[in-house]
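Side chains are part of it too, since the values below use all heavy atoms of this structure and drop only hydrogens, waters and symmetry mates. Protein chains get the first letters and strands the later ones, always in sequence-line order, with residue 1 at the start of each.
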Protein chains: 2
Amino acid sequence: MATNSPRLTKMEELAKVAGVSVSTVSRALAGNPSINAKTRARIVDLAAKHNYQINENARNFRLQKTNVIAVVLMLDVKSEQHTSDMFFLEMLGAIADALSVQNYDLLLANSPMTNVLDIQSSRIFRQSDGIIFIGQGNQHEQLNEFSGLEKPMVVWGSNLPDRRYCTVGADNVVGGYLATKHLLNLGRKDIVFMGDINMPEPKQRFEGYLNALKEKGIKFNKRLQIDVPFEMSHASEAINDLLQQKISFDGAVCCSDLIALSAIAALTESGLRVPEDVAVVGYDDIALASYSSPSLTTVRQNIVQGGRILVQKLMAQINGDTVADSVLKTELIVRRSSGAW
Amino acid sequence: MATNSPRLTKMEELAKVAGVSVSTVSRALAGNPSINAKTRARIVDLAAKHNYQINENARNFRLQKTNVIAVVLMLDVKSEQHTSDMFFLEMLGAIADALSVQNYDLLLANSPMTNVLDIQSSRIFRQSDGIIFIGQGNQHEQLNEFSGLEKPMVVWGSNLPDRRYCTVGADNVVGGYLATKHLLNLGRKDIVFMGDINMPEPKQRFEGYLNALKEKGIKFNKRLQIDVPFEMSHASEAINDLLQQKISFDGAVCCSDLIALSAIAALTESGLRVPEDVAVVGYDDIALASYSSPSLTTVRQNIVQGGRILVQKLMAQINGDTVADSVLKTELIVRRSSGAW
DNA sequence: GGTAAAAATACAAACGATTGCATTTTGCTG
DNA sequence: CAGCAAAATGCAATCGTTTGTATTTTTACC
């Protein structure tokens with residue numbers, strides 16, 4: 001099929017070869033119905049044969065669009081969230097896949113921003129048709145302001161009150177509830193909640209945690225909630241603190257698998273058995289969760305579906321539609337079927 | 001500083017405001033020395049004041065460049081390398097940072113390709129000024145062919161023989177050597193090598209492994225090398241296989257931290273103690289390595305430096321220079337200072 | 001076969017920047 | 001102050017598409 005004809009770089013050349021005008025070629029390649037079917041077929045064939053590839057730069061220029069979507073990873077610098085990284089990459093992959101179906105490319109925001117609004121003067125902003133924010137960090141207000149900027153955007157995160165932007169996210173309240181309920185059903189009573197409730201998502205999970213406690217008629221003990229960042233080293237410290245303070249607990253709901261793994265490590269180091277003495281539930285279901293020992297019961301967010309929906313909502317906005325938020329189903333993955341866990 | 005003047009979108013408008021011609025504005029903004037310093041300053045000020053931002057599309061079109069670098073993650077589909085993901089994301093971040101300094105954006109290749117050469121007809125190819133490949137997968141030949149395509153490119157990986165493309169990579173031979181040497185120094189004799197030696201990097205690490213053995217005068221036992229992919233589940237199977245076959249061993253050099261962690265899990269499940277019965281060394285030093293329990297001795301590749309050098313070499317090529325390969329120093333991170341480990 | 005309507009194609013003007021070259025302005029020197 | 005070189009600026013063509021409108025070709029009908 002492929003020949004070695006000198007590569008055609010301009011429509012003009014292809015037009016000459018085909019014996020038609022440039023505009024006909026343009027329309028033929030774009031599938032414009034006003035071009036005779038036979039002519040179109042002939043031109044498309046010739047294009048393939050001569051390995052013609054449209055000059056995307058010229059096209060974008062003319063059409064004033066980019067066919068690029070920017071993705072901004074809202075790494076929370078303060079809390080050194082390098083660790084939920086795995087989640088970010090999985091999400092990134094899911095989004096990239098969903099975008100490629102729509103013939104869009106993915107532009108990665110170069111570095112974690114301290115203020116989202118800075119983006120509006122960056123190339124990320126000008127060189128993209130829309131922006132996907134992964135996470136909200138603690139920039140809810142800035143995102144709200146950003147949404148006034150006439151730039152299609154969508155945010156992976158929780159549906160905070162007063163938001164003016166479209167969010168797609170897992171149901172964090174249900175997630176927190178499921179995790180806690182699971183431990184309660186195993187007979188645990190004193191359950192630690194490990195997660196920074198100043199951050200949107202942990203906050204909602206905490207709400208679910210409280211709901212589950214209330215349902216069982218258990219009173220919440222303030223000292224069992226610990227503002228631990230996603231970053232894991234702090235989690236072991238926190239556990240050690242608890243132990244030192246002789247605060248007793250027999251279960252832990254963690255806001256990431258890495259926190260959970262770190263907690264488990266700290267517990268075992270202190271001579272406690274997991275899950276016999278303290279049962280632990282994670283969040284995210286990163287690959288490692290299933291392979292670690294003991295393997296981890298965890299709450300799974302459907303990342304692939306999330307990526308797909310993010311893209312879909314963004315495309316809708318680009319096409320001028322208004323879109324509603326979307327809350328994805330969340331499920332509990334129970335890893336140790338043995339009773340104790 | 002910022003005013004609410006109606007945003008100027010074309011140079012023409014800015015030119016009118018400044019009372020000069022479009023070409024003068026263009027040159028002033030580009031820092032062309034033929035423009036009077038005072039005029040330039042005035043124009044730059046006006047641009048800021050009126051919030052003028054150049055139309056990057058038009059600029060790229062005119063200059064026939066993109067200011068975008070594409071990054072292709074060579075995820076090895078066959079071996080389901082989802083797990084060294086963490087490495088990929090860290091590298092991605094490092095590259096993005098290095099690129100942003102040079103005012104380049106990062107375009108992420110949408111999905112793992114089965115054949116690298118397919119890229120040449122994709123937008124990734126046309127819409128970028130250069131390409132960075134992360135890893136070689138098993139597409140050494142295709143990459144070689146690709147290098148004939150007049151597109152600046154650079155590859156993170158090992159310096160395979162007969163390569164025609166520029167590589168930047170850690171010293172895998174030394175890495176394998178260091179890991180093995182470490183175990184030998186601890187008195188271990190029967191050391192398993194876990195890694196698929198059909199892949200370039202594991203292959204070189206295996207070479208280092210053999211060197212270390214030879215140095216100690218230990219004969220290599222063929223049955224101790226296991227072609228385990230980076231993906232972790234296979235690692236525990238492999239360990240279980242060894243145990244079932246009653247092949248005895250007291251150490252393991254693993255080609256990724258995840259393989260290592262998986263191996264450790266399998267070992268402990270079988271009632272063996274780590275590191276007392278079997279000492280394990282990983283590779284990559286992912287964040288988890290330091291927090292897992294027991295914490296993991298591992299070989300670290302300097303990813304940030306790697307990203308920076310990749311970008312630097314690519315820029316050099318874009319500027320028409322020819323560049324040489326680069327091999328980064330590799331170091332062993334010993335985590336358990338206690339003698340046994 | 002002549003005519004008008006419909007279908008297919010061609011023409012030419014954008015899109016917003018850059019840049020070689022022409023032109024004007026400035027600065028110097030005798 | 002004339003004269004000229006150097007410095008500063010302006011003019012206009014150009015990059016490769018798309019698309020509104022003009023033009024040509026085809027079709028259908030009497």
Ion pair present between A:D325 and A:R163, side-chain N to carboxylate O less than 4.0 angstrom?
yes
Quick one about A:T66 and A:D129 (side-chain donor to acceptor, distance below 3.5 Å, no hydrogens or angles considered), yes or no?
yes
What nucleic acid atoms does A:V22 come within less than 4.0 Å of, heavy atoms only: base, sugar-phosphate, or nothing?
base
Base C:dC11 to side chain A:S21, donor-acceptor N/O within 3.5 Å cut-off
no
Short question: side chain of A:S128, backbone of A:I131 - any donor-acceptor pair under 3.5 Å?
no
Can you see if the side chain of A:R59 gets near the phosphate of D:dT18 - specifically, an N or O under 4.0 Å from OP1 or OP2?
yes
State whether A:N55 places a side-chain N or O below 4.0 Å from either non-bridging phosphate oxygen (OP1 or OP2) of D:dT17.
no
Testing B:F133, B:F146, B:Y165 one by one against B:H140 for a ring-ring contact (aromatic ring centres under 6.0 Å, His included), which residue passes?
B:Y165
D:dT19 base to A:R62 side chain: any donor-acceptor pair below 3.5 Å?
no
Just to confirm, is there a sub-4.0 Å distance from OP1 or OP2 of C:dA17 to any side-chain nitrogen or oxygen of B:Y52?
yes
Which nucleotide in the set D:dG16, C:dG16, C:dA10 lies at the smallest distance from any side-chain heavy atom of A:K10?
D:dG16
From the options C:dA10, C:dT18, D:dG16, select the nucleotide whose nearest atom is closest to the side chain of B:M11.
C:dT18
Where the side chain of B:Q64 is defined as all heavy atoms beyond and including C-beta, which of D:dT18, D:dC15, C:dT19 is the nearest nucleotide?
D:dC15
Look at the side-chain N and O atoms of A:S23 and state whether any lies under 4.0 Å from the OP1 or OP2 oxygen of C:dT9.
no
On the side chain of A:R27, is there an atom forming a donor-acceptor pair with the base of D:dG20 - under 3.5 Å, no angle test?
yes
What nucleotide among C:dT19, C:dA10, D:dG16 has an atom nearest to a side-chain atom of B:F61?
D:dG16
Below 4.0 angstrom from OP1 or OP2 of D:dT18, is there any side-chain N or O of A:S26?
yes
What's the closest nucleotide to the side chain of B:T39 if the choices are D:dG10, D:dT18, D:dA8?
D:dA8
Check every atom of C:dT18, D:dT19, D:dA8 against the side chain of B:I54 and return the nucleotide holding the closest atom.
C:dT18
